[in-house]
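So that the names make sense, note that chain A is the first sequence line, chain B the second, and so on, each numbered from 1. Given the structure is predicted, the values throughout are model-derived calculations rather than measurements.
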Number of protein chains: 2
Amino acid sequence: MATRTESLTRREQILKEAARLFAERGFHGVGVDEIGAAVGISGPGLYRHFAGKDAMLAELLVGISGQLLTGGKGRAAEAAGNPEAVLDSLVEGHIDFALDDRPLITLHDRELDRLRDSDRKLVRQLQRQYVELWVEVVREVYPDLAEPAARAAVHAVFGLLNSTPHMGRPGSLPGRAGTAALLHRMARGAFEAAAASTPG
Amino acid sequence: MATRTESLTRREQILKEAARLFAERGFHGVGVDEIGAAVGISGPGLYRHFAGKDAMLAELLVGISGQLLTGGKGRAAEAAGNPEAVLDSLVEGHIDFALDDRPLITLHDRELDRLRDSDRKLVRQLQRQYVELWVEVVREVYPDLAEPAARAAVHAVFGLLNSTPHMGRPGSLPGRAGTAALLHRMARGAFEAAAASTPG
DNA sequence: GGACATGGTTAACGCTCATTAACAAAGCGA
DNA sequence: TCGCTTTGTTAATGAGCGTTAACCATGTCC
């Protein structure tokens with residue numbers, strides 16, 4: 001079925017480049033000819049591998065959401081019974097993703113509305129499950145945190161972790177390991193502060 | 001010059017609606033006819049007020065960046081000499097903006113690359129100044145934080161504060177005041193944690 | 001009361017761009 | 001060697017959309 005002669009199949013090449021281009025210039029900002037050129041074929045040749053441009057975006061977004069959820073569930077299972085450890089593991093996993101797949105993270109919350117209804121619903125459902133996974137764990141670690149506040153806090157921490165694409169490319173950063181550690185500390189600090197109920 | 005019969009001039013109406021639509025469906029995702037319809041005129045009538053669709057986006061983005069920077073500078077001046085107070089004021093100001101002008105916040109980091117070179121440079125310069133303003137204050141409050149880490153932390157906190165558009169519309173939130181307080185606590189907690197250097 | 005600026009209108013133009021048609025070159029099993 | 005699948009190619013199609021043209025109503029100033 002797939003002639004995986006090299007490390008990446010054609011489909012995978014295309015998806016990777018499409019993700020990069022979509023993240024850089026937006027879904028509507030990039031044409032099929034550019035995507036084709038990025039993998040060495042030209043324009044309509046892409047239609048041998050995908051039903052259309054929309055299909056590429058859909059596969060990317062569903063893939064991201066699915067990966068995040070699956071990974072999160074796996075981590076939750078591994079460290080089950082130790083909420084602190086689960087939360088740390090979730091944070092770590094999300095940071096790895098944000099640092100290693102910046103284009104996908106960017107797409108994830110930028111181009112969702114360009115999908116067909118059915119795909120968008122699917123992606124949103126996966127996202128919702130992922131959020132709920134976090135909310136449950138957060139409330140185990142910080143039982144005083146009400147559910148609406150916990151949910152808002154989770155979204156806020158996602159925003160914090162997903163900020164990596166906005167950080168300047170070059171050496172103005174603490175380096176991958178340092179950045180990861182910094183983000184991890186900040187995420188935990190943010191949750192901690194969220195749970196510290198207003199005095200009174 | 002402007003017949004400000006109502007509270008909003010035509011230009012302002014258009015900008016407001018354009019911001020909302022751009023945020024909802026992306027710059028390329030919305031047509032001039034839709035923008036026109038949103039203010040009761042149709043299509044090309046917009047060209048009596050703006051040179052083109054690009055000009056609307058440009059004015060919006062430059063306006064946002066300028067407002068943020070101006071507001072930030074003002075707050076820094078007001079509480080000068082008390083870094084803690086300045087930081088709290090900056091956080092508060094940014095939260096007000098994020099909560100009151102969600103569409104603009106969304107545009108702010110989503111559609112920057114659709115601008116002409118000159119406009120994009122201007123916006124980026126304003127953004128950079130705004131970041132540097134924060135970085136300075138943060139380093140006064142947390143002198144142990146190295147500059148690259150401080151800059152990364154500021155970007156991360158922006159991500160945290162700008163997450164408001166991702167939070168579900170309805171009553172699943174703690175309400176405006178509660179959300180503002182929560183975000184404020186989280187932002188400060190995140191900075192605090194960023195400054196807590198890894199135990200050596 | 002004519003002239004002109006203002007802020008609209010609808011129709012037409014032209015460009016971009018996703019998609020499809022028609023065709024070709026390998027690779028390969030029988 | 002024939003024929004089928006796979007994976008390209010270039011040319012054509014057709015829709016969407018920003019922009020411009022041409023025209024019209026309504027004040028307002030002198």
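- For residues 50-63 of chain B, proximity to DNA chain C is found at no residue, defined as any non-hydrogen atom under 4.0 angstrom from a strand atom.
- Contacts of A:Ala38 classified as side chain to side chain contact (heavy atoms under 4.5 Å, CB included), with partners at least two apart in sequence or in another chain: A:Glu17, A:Arg20, A:Leu21.
- One interatomic measurement links the two molecules: CG of B:Leu21 to P of D:dC17, which rounds to 13 Å at whole-angstrom precision.
- Rounding to whole angstrom units, CZ of residue A:Phe27 and P of C:dC17 are separated by 13 Å.
- A salt bridge links A:Arg151 with A:Glu147: the closest approach of a Lys/Arg side-chain nitrogen to an acidic carboxylate oxygen falls below 4.0 angstrom.
- Under the 4.0 Å criterion applied to side-chain N and carboxylate O atoms, B:Arg124 and B:Asp113 are not assigned as salt-bridge partners.
- Note: A:His94 and A:Phe158 meet the aromatic proximity criterion, with ring centroids under 6.0 Å apart.
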Please produce a list of atom pairs where a protein N or O lies less than 3.5 Å from an N or O of nucleotides 8-12 of chain C.
from, atom 1, to, atom 2, distance (Å)
C:dG8, OP1, B:Arg10, NH1, 2.2
C:dG8, OP2, B:His49, NE2, 2.7
C:dG8, N7, B:Arg48, NE, 2.9
C:dG8, O6, B:Arg48, NE, 3.4
C:dG8, O6, B:Arg48, NH2, 2.0
C:dT9, OP1, B:Ser42, N, 3.3
C:dT9, OP2, B:Ser42, N, 3.0
C:dT9, OP2, B:Ser42, O, 3.3

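- Rounded to whole angstrom, the span from the CG atom of A:Asp33 across to the C1' atom of D:dG8 amounts to 14 Å.
- Residue-level contact check: B:Val30 touches the backbone only, with heavy atoms under 4.0 Å from sugar-phosphate atoms and none from bases.
- Scanning both residues, A:Pro83 and A:Glu140, for their nearest heavy atoms gives CG-OE1, 3.4 Å.
- In this structure, B:Val135 and B:Ala150 approach most closely via the heavy-atom pair CG1-CB, 4.2 Å.
- Protein atom NE2 of A:His28 is 17 Å distant from nucleotide atom C1' of C:dC15, rounded to whole Å.
- A salt bridge does not link B:Asp119 to B:Arg114: none of the charged side-chain nitrogens sits closer than 4.0 Å to a carboxylate oxygen.
- Formation of a donor-acceptor pair under 3.5 Å by the A:Arg10 side chain with backbone atoms of A:Val39 is found in this model.
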